[in-house]
Number of protein chains: 2
Amino acid sequence: VISLKNIIKEYKLGKEKLRVLHGIDLEVQAGEFVALMGPSGSGKSTLMNIIGCLDIPSAGDYILQDQNVSKLKDDDLAKVRNESIGFIFQNFNLMPKMTALENVELPLVYASVPKKERKRRAQEVLESVGLGDRMTHKPNELSGGQRQRVAVARSLVNQPSLLLADEPTGNLDTTTSDEIMRLFHQLHEKGNTIIVVTHEEAIAQHAKRIVRLIDGRVSSDVVHEQT
Amino acid sequence: VISLKNIIKEYKLGKEKLRVLHGIDLEVQAGEFVALMGPSGSGKSTLMNIIGCLDIPSAGDYILQDQNVSKLKDDDLAKVRNESIGFIFQNFNLMPKMTALENVELPLVYASVPKKERKRRAQEVLESVGLGDRMTHKPNELSGGQRQRVAVARSLVNQPSLLLADEPTGNLDTTTSDEIMRLFHQLHEKGNTIIVVTHEEAIAQHAKRIVRLIDGRVSSDVVHEQT
Ligand SMILES: Nc1ncnc2c1ncn2[C@@H]1O[C@H](COP(=O)(O)OP(=O)(O)OP(=O)(O)O)[C@@H](O)[C@H]1O
Ligand SMILES: Nc1ncnc2c1ncn2[C@@H]1O[C@H](COP(=O)(O)OP(=O)(O)OP(=O)(O)O)[C@@H](O)[C@H]1O
Ligand SMILES: [Mg+2]
Ligand SMILES: [Mg+2]
C-alpha cells in the first residue's frame with residue numbers, strides 16, 4: 001500500500017542545504033504493523049510526514065494505494081489524507097479553542113458524518129482512552145498525557161485504513177500505554193495498516209516488523225517472531 | 001529546602017470546582033534526588049508548577065528555602081524562580097522566534113551575565129546535550145527530541161540549586177536519555193536538589209527516593225537502595 005523509492009528530503013538554511021533523508025526505499029503491504037525506530041534527529045517524523053501526505057519529498061517517488069502522490073494536486077492530497085489516513089503527531093497539534101470532544105469530532109466533520117452520530121462516535125473513542133470525564137476540557141485544561149490521548153482518539157475515530165502514530169505513548173504510564181496499544185491491535189486486526197514511531201522497545205515489540213533509521217537512512221529492516 | 005503542607009489545588013470549570021490536589025504533604029531536603037511518578041492525570045505537573053513558583057495553591061503552605069512562598073509578591077517570586085530554579089516543562093515552552101542558542105541564553109540574560117560569557121556557556125551546555133550542530137535552528141527546525149534537549153540545556157545553563165524536570169526524556173532514545181541523566185547526576189553531585197517527573201521506571205531508578213501520586217494524593221514515598 002506504501003511504496004517509497006529513493007526519497008530525499010532537504011531543508012534550506014540560509015545559503016546551505018541540510019539533507020535529512022538520504023534516499024529512503026521502503027515498502028509496506030496493506031495490513032502490516034510496522035515500528036519505526038532510530039535516534040533523536042534521525043528523520044523519523046520527517047519520513048512520517050511524507051508518508052502521511054503532510055509534506056513533499058525533495059526527490060523520489062511515493063506511491064500510496066496505487067496513486068503517485070507526488071503527482072496529486074492539493075485538493076486530492078487533502079482528500080486522500082482525510083479519508084484513509086489517521087495521524088498522531090509527536091506534539092499532538094490539537095485545536096486549542098476546541099474541547100476534547102470537538103477535537104475528536106473533527107475528522108468526522110470532514111467525512112460529513114451527521115452531528116448526532118459523530119458526537120456518539122467521538123464520545124465512544126474518548127471513553128476507550130479513559131477520557132470519559134474530560135470531554136468538555138480544552139487542551140490547556142488537560143494533562144500532557146491526556147492531550148496525547150485526545151490526539152490518539154482523534155486519529156482512531158474514523159477507523160483509518162492507514163494509521164501513522166508518531167510517539168503515541170511518550171507521555172503515558174505503562175497501564176495507559178497498554179490500553180492505547182490494545183486499541184491499535186483492534187484496528188490492525190480489522191486488516192488496517194499501522195506504522196508507529198517509538199523510542200521504546202516494549203512498544204516496538206507490538207509490531208511485526210521493525211525498521212530502524214540512522215542519519216536519514218534505513219539501517220535495518222527486520223520482521224520478528226512475536227511471542 | 002522544600003516544605004509543602006496540605007497543598008490543595010482546584011480549578012473552576014463553569015459552575016463546578018475540580019479538585020486535582022487533595023492535601024499534599026511533602027518535604028524535600030537540600031541535595032536530594034527525588035523521582036515523582038503516577039498515572040496520567042494524577043497531578044504531577046500541577047504539583048511541579050506549584051513547587052517551581054509558576055502556580056499558586058488554592059490552599060496550604062509552601063515554604064521554599066525558608067521563605068513562605070505564598071506570601072511573596074510577584075516580583076520576588078520571579079526573582080526566586082530565576083535565581084535558583086531550573087524548570088523543564090513537559091511541553092518544552094521554547095520561544096518560537098529564537099534559535100536554540102538564544103533560548104538557552106535566556107536564563108543568563110535574566111541573571112545579567114555578560115554577552116560573551118553567556119554565549120560561551122550556552123554553547124557549552126548545548127554541546128553537552130549533543131546539539132552542537134543545531135544551535136542556529138529555531139524550534140520548528142528541530143526534531144521533537146532536539147526541542148526537548150534545548151529545554152534541558154536551558155534548565156541547566158545557570159546550574160540551578162533546584163532542578164525541576166517534568167518528563168525530561170519522553171521523546172528521547174535510550175542513549176540520549178542516559179546522556180541527560182548523566183548531566184543531572186553531575187548537577188546533583190555538586191549538592192543541588194533534583195525532582196524529576198517520569199513515567200519510566202528506568203529513569204526513576206536514578207533517583208534515591210520515589211514519591212508516587214494517585215488521584216492528587218501521595219500514595220507512597222520510598223527511599224530505595226541504589227545499585
Ligand atoms: N486548567 C485546568 N482546568 C481544569 N482541569 C485541569 C486544568 N489543568 C489540569 N487539569 C486537570 O488536573 C489533573 C492533573 O493534571 P496534571 O497535568 O497535573 O497531571 P499529570 O499527573 O502531570 O499527568 P500526565 O502524566 O498526563 O502529564 C488532570 O486530570 C487535568 O485534567
Ligand atoms: N524545518 C527544518 N529546517 C531544518 N532542519 C530541520 C527542519 N525540520 C527538521 N529538521 C532537521 O531534520 C532532522 C530530522 O528531524 P526529525 O523530526 O525527522 O527527527 P526524528 O527522527 O523524528 O527525531 P526525534 O526522535 O527527536 O523526534 C533533525 O536533525 C532536524 O534538526
Ligand atoms: Mg520525531
Ligand atoms: Mg504532566
Side-chain angles (χ1 to χ4, degrees), chain A residues 11-14 16 18 20 37-49 89-92 94 99 129-131 133-134 136-150 166-167 169-177 179-180 197-202 204 212-214 216, chain B residues 11-14 16 18 20 37-49 89-92 94 99 129-131 133-134 136-150 166-167 169-177 179-180 197-202 204 212-214 216:
Chain A
Y11 292 105
K12 273 207 201 67
L13 286 170
E16 311 230 336
L18 179 69
V20 309
M37 303 187 80
S40 172
S42 54
K44 308 178 295 297
S45 298
T46 304
L47 183 59
M48 291 288 271
N49 288 338
F89 295 89
Q90 191 169 5
N91 60 353
F92 318 153
L94 301 179
T99 63
V129 296
L131 292 179
D133 59 355
R134 289 288 182 273
T136 57
H137 287 230
K138 297 203 185 70
N140 67 345
E141 297 167 337
L142 292 171
S143 78
Q146 289 167 344
R147 287 175 204 154
Q148 186 153 40
R149 284 183 272 164
V150 175
D166 197 344
E167 308 266 3
T169 62
N171 281 290
L172 301 175
D173 49 281
T174 314
T175 309
T176 317
S177 293
E179 286 163 26
I180 300 304
V197 172
T198 183
H199 283 301
E200 301 179 52
E201 296 287 345
R212 291 184 197 265
L213 292 189
I214 296 183
Chain B
Y11 292 105
K12 273 206 203 68
L13 286 169
E16 311 230 337
L18 178 68
V20 308
M37 304 188 79
S40 171
S42 54
K44 306 178 295 298
S45 297
T46 303
L47 184 58
M48 290 289 270
N49 288 339
F89 295 89
Q90 190 168 5
N91 61 353
F92 318 155
L94 301 178
T99 64
V129 296
L131 293 179
D133 60 354
R134 290 287 183 273
T136 56
H137 287 231
K138 298 202 183 72
N140 67 344
E141 296 166 337
L142 292 172
S143 77
Q146 290 167 345
R147 287 176 204 155
Q148 186 152 41
R149 284 183 272 163
V150 175
D166 197 344
E167 306 268 5
T169 61
N171 282 289
L172 301 175
D173 49 281
T174 313
T175 309
T176 317
S177 292
E179 286 163 25
I180 300 305
V197 172
T198 182
H199 283 300
E200 301 178 53
E201 295 288 345
R212 292 183 196 269
L213 292 189
I214 296 183

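Below, read A as the first sequence line, B as the second, and so on, with proteins coming before strands; counting in each chain starts at 1.
The candidate from B:G170, B:G130, B:G38 with the greatest count of non-hydrogen atom pairs under 4.5 Å with chain A is B:G170. Top candidate by heavy-atom pairs under 4.5 Å with chain A, chosen from B:R149, B:Q148, B:K44, B:E200, is B:R149. Of the residues considered (A:G14, A:G145, A:S40), A:S40 shows the highest number of contacts with chain B, using heavy-atom pairs under 4.5 Å.
In this structure a side-chain-to-backbone donor-acceptor pair under 3.5 Å is missing from B:D173 to A:H199.
With a 4.5 angstrom heavy-atom cutoff, A:L172 touches chain B via backbone and side-chain atoms both. Contact annotation for B:N171: both backbone and side-chain heavy atoms come within less than 4.5 Å of a heavy atom of chain A. Only the side chain of A:S143 comes within contact range of chain B, judged by heavy atoms closer than 4.5 Å. Both the backbone and the side chain of A:Q146 have a heavy atom closer than 4.5 Å to some heavy atom of chain B.
Distance CG/B:L142 to OG/A:S45: 12.0 Å, rounded to 0.5 Å.
Put simply, the side chain of A:E201 does not reach to within 4.5 Å of the side chain of B:T174, judged on heavy atoms. The shortest distance between side-chain heavy atoms of B:L18 and A:E141 does not fall below 4.5 Å.
With sequence neighbours excluded, the residues satisfying ring pair (Phe, Tyr, Trp, His ring centres under 6.0 Å) with B:F89 are B:F87. Residues satisfying the salt bridge (charged side-chain N to carboxylate O under 4.0 Å, His left out) criterion with A:R134, sequence neighbours excluded, are absent altogether.
Residue-environment remark: CG (B:L13) exceeds the threshold of 12 foreign heavy atoms within 6.0 Å.
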